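Working notes for the structure below.
Predicted model, so just to flag it, every value in this text is computed and none were measured.
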Amino acid sequence: MGLLSLIPLPYRILAGLLIAAMIAAAVWMNGAAHVQAKWDAATVKQSLRVASVEKAQAESTVKIVTKFVDRVRVVKETGAALTREVVRYVPSDSCDLPPGYRVLHDAAARGEPADTAGSVDAATVSAQDAAAAVIDNYSACHANAEQLVALQNWIVETRQAAHRAVAEND
């Protein structure tokens with residue numbers, strides 16, 4: 001018989017189980033390392049995709065904000081130019097507008113119903129002041145409209161930038 005026959009059977013079984021357990025542990029750890037490597041690769045790929053999308057969206061944001069700032073500057077400059085022209089188009093000797101005009105105009109600017117009791121205390125307003133106030137209100141309205149357009153463009157652009165970045169990384 002051989003050398004193995006000198007080792008009692010219970011110890012041989014125990015040694016066989018120990019070797020089997022060591023092989024199983026080695027296989028399990030190798031599998032776990034493989035799964036971890038795949039997980040790490042997927043995480044890196046996703047991080048690169050997110051960074052690409054964020055970069056594309058940031059570039060889109062800079063473009064939209066720059067355009068918005070330029071448009072609002074033009075709106076404000078146009079409003080200021082129109083306000084300077086009030087004296088040219090509305091003579092200083094024009095009749096004053098009644099107190100009711102001021103009450104209605106102020107209520108419309110606030111977006112609230114007119115206070116009929118307020119017209120008693122309101123002062124008349126010069127036609128030039130009224131024209132300048134209307135120009136200021138319309139300028140603010142146009143600036144708000146530009147802000148809304150910029151926001152809508154930003155939403156569309158950032159969404160498209162994200163889709164482009166994802167498509168490039170696939």
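- Counting all heavy atoms, side chain and backbone alike, Ala165 lies closest to Ser52 at CB-OG, 3.5 Å.
- From His34, atom NE2 reaches atom CG of Asn30 across 8.5 Å, with rounding to the nearest 0.5 Å.
- The side-chain heavy atoms of Val156 and Gln152, taken from C-beta on, include no pair separated by under 4.5 Å.
- Residue Val86 is grouped with residue Leu82 when hydrophobic side chains (ILVMFWY) are merged at heavy-atom distances under 4.5 angstrom, including chains of intermediate members.
- Following chains of ILVMFWY side-chain contacts shorter than 4.5 Å, one can reach Val90 starting from Ile135, so the two form part of one hydrophobic cluster.
- Residue pairs meeting the side-chain hydrogen bond (donor to acceptor under 3.5 Å, both in side chains) criterion with at least one partner in residues 132-143, sequence neighbours excluded, are His105-Asn137.
- Between Ile64 and Ala150, the shortest heavy-atom distance links the atoms CG2-O, 3.3 Å.
- In terms of hydrophobic clustering, with Ile, Leu, Val, Met, Phe, Trp and Tyr side chains grouped at heavy-atom distances under 4.5 Å, Leu17 and Leu9 are assigned to a common cluster.
- With a 4.5 Å cut-off on side-chain heavy atoms, Gln57 and Val53 count as touching.
- Shortest non-hydrogen contact noted between Pro91 and Gln128 is C-NE2, 3.8 Å.
- Screening Val125, Leu97, Thr124 against Arg102 for a side chain to side chain contact (heavy atoms under 4.5 Å, CB included) leaves a single residue, Val125.
- Taking a cutoff of 4.0 Å between a charged side-chain nitrogen and a carboxylate oxygen, Lys63 and Glu59 do not qualify as a salt bridge.
- The CG atom of Leu48 sits 11.0 Å away from atom OG1 of Thr43, with the distance rounded to the nearest 0.5 Å.
- Side-chain contact annotation: Thr61 with Trp154, donor-acceptor N/O pair under 3.5 Å present.
- From Leu148, atom CG reaches atom CG of Asn144 across 9.0 Å, with rounding to the nearest 0.5 Å.
- A pairwise comparison of heavy atoms in Ala143 and Val72 identifies O-CG2, 4.3 Å as the closest pair.
- With rounding to the nearest 0.5 angstrom, the CG atom of Leu151 is 9.5 Å from the CZ atom of Phe68.
- In this structure, the side chain of Ser60 does not engage the main chain of Ala56 through any donor-acceptor pair within 3.5 Å.
- Contact between Val75 and Glu146 at its shortest, heavy atoms only, is CG2-CG, 4.0 Å.
- No more than 12 heavy atoms of other residues, nucleotides or ligands sit less than 6.0 Å from atom CZ of Arg159.
- Between Ala127 and Ser94, the shortest heavy-atom distance links the atoms CB-CB, 3.8 Å.
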Can you list the steps and then say if Asp106 with Arg110 is a side-chain contact (heavy atoms from CB on, under 4.5 Å)?
-> CA-CA 6 Å; Asp106 292 348; Arg110 287 189 310 270; 3.5 Å; yes

